[in-house]
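Remember, predicted model here, so these are calculated numbers, not experimental data. Position 1 is the first residue of the sequence; numbering continues from there.
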Amino acid sequence: MTQSNLMSYNTFTFKTEAQMLLHIRLWEEKGKLLFEKLKEKGCTRYCYNQIWNKQGTFKTSTLFEYESPQAYKDCQKEIGTFVQSLMKELEAISPVIESSRNVILEDLR
């Protein structure tokens, strides 16, 4: 098993369920291809989620884990290219994005 030491976590908040569902569709169609490119650059894990414990809100999230600081930097370039390719669709759904970057201190499995 590959050891990750950096993680990025993004939360996407939408005004409507329809916007969230469009975002989910985009990730279902394109997320696996993106992860294949990121794996080549040192991304060790990708997870796309729908947040369900907040009634009346429409939220999704992404989690990426990286093997090194350089892998994180290399992957950010690829993610930027990915986002640019979807800009028209993303502007239509205009999510509010909250990002966090973490250093993994303890990971029990």
Partners passing side-chain hydrogen bond (donor to acceptor under 3.5 Å, both in side chains) against S94 (at least two apart in sequence or in another chain): none

Hey, what do you get for CG (L34) to SG (C43), rounding to the nearest 0.5 Å? 8.0 Å

Results of side-chain hydrogen bond (donor to acceptor under 3.5 Å, both in side chains) for E89 - residues two or more places apart only: none

Mind jotting down which residue pairs meet the ring-ring contact (aromatic ring centres under 6.0 Å, His included) criterion with at least one end in residues 88-109? Sequence neighbours excluded, please. none

Side chain to side chain contact (heavy atoms under 4.5 Å, CB included) partners for Q84, two or more places apart: M87

Closest approach of Y46 to G31 (non-hydrogen atoms, all atoms of both residues): OH-CA, 3.9 Å

Listed partners of Q76 passing side-chain hydrogen bond (donor to acceptor under 3.5 Å, both in side chains), at least two apart: Y66

Suppose the criterion is salt bridge (charged side-chain N to carboxylate O under 4.0 Å, His left out): which pairs have a residue in residues 74-87, not counting sequence neighbours? none

Taking the side chain as every heavy atom from C-beta outward, state whether L90 and I93 have any atom pair closer than 4.5 Å. yes

If hydrophobic clusters are built by linking Ile, Leu, Val, Met, Phe, Trp and Tyr wherever their side-chain heavy atoms come under 4.5 Å apart, do F64 and L33 end up in the same one? no

Out of curiosity, C75 SG to F35 CZ, how far, rounded to the nearest 0.5 Å? 9.0 Å

Within a strict 4.5 Å, meaning less than it, do heavy atoms of the I104 and L6 side chains meet? no

Which ring-ring contact (aromatic ring centres under 6.0 Å, His included) pairs, counting each pair once, include a residue from residues 87-109, with sequence neighbours left out? none

So do the side chains of R101 and N10 get within less than 4.5 Å of each other, counting heavy atoms only? yes

Between the CD atom in E65 and the CG atom in N102, the distance rounded to the nearest 0.5 Å is 10.0 Å

List the residues meeting side-chain hydrogen bond (donor to acceptor under 3.5 Å, both in side chains) with T81, not counting sequence neighbours, and say none if there are none. none

Write out all pairs satisfying ring-ring contact (aromatic ring centres under 6.0 Å, His included) with one or both partners inside residues 87-106, taking only residues at least two apart or from two chains. none

List the steps, then state whether side chain to side chain contact (heavy atoms under 4.5 Å, CB included) holds for L63 with Y48. CA-CA 7 Å; L63 169 79; Y48 182 67; over 6 Å; no

Under 3.5 Å side-chain donor-acceptor pair for S61 and Y9: yes

Passes side chain to side chain contact (heavy atoms under 4.5 Å, CB included), F14 versus T60? Steps please. CA-CA 9 Å; F14 307 92; T60 62; 3.6 Å; yes

How far apart are the C-alpha atoms of M20 and Q50, what are their side-chain angles, what is the distance that settles it, and do they pass the side chain to side chain contact (heavy atoms under 4.5 Å, CB included) test? CA-CA 9 Å; M20 180 185 71; Q50 180 177 349; 3.3 Å; yes

For K59, the side chain to side chain contact (heavy atoms under 4.5 Å, CB included) test, sequence neighbours excluded, returns T11, T13, I51, T57

Side-chain touch N5/E67, heavy atoms, less than 4.5 angstrom: no

Which side chain to side chain donor-acceptor pair (under 3.5 Å) pairs, counting each pair once, include a residue from residues 26-41, with sequence neighbours left out? H23-W27, R25-E29

Exercise: identify the closest heavy-atom pair between G56 and F58: O-CE1, 4.3 Å

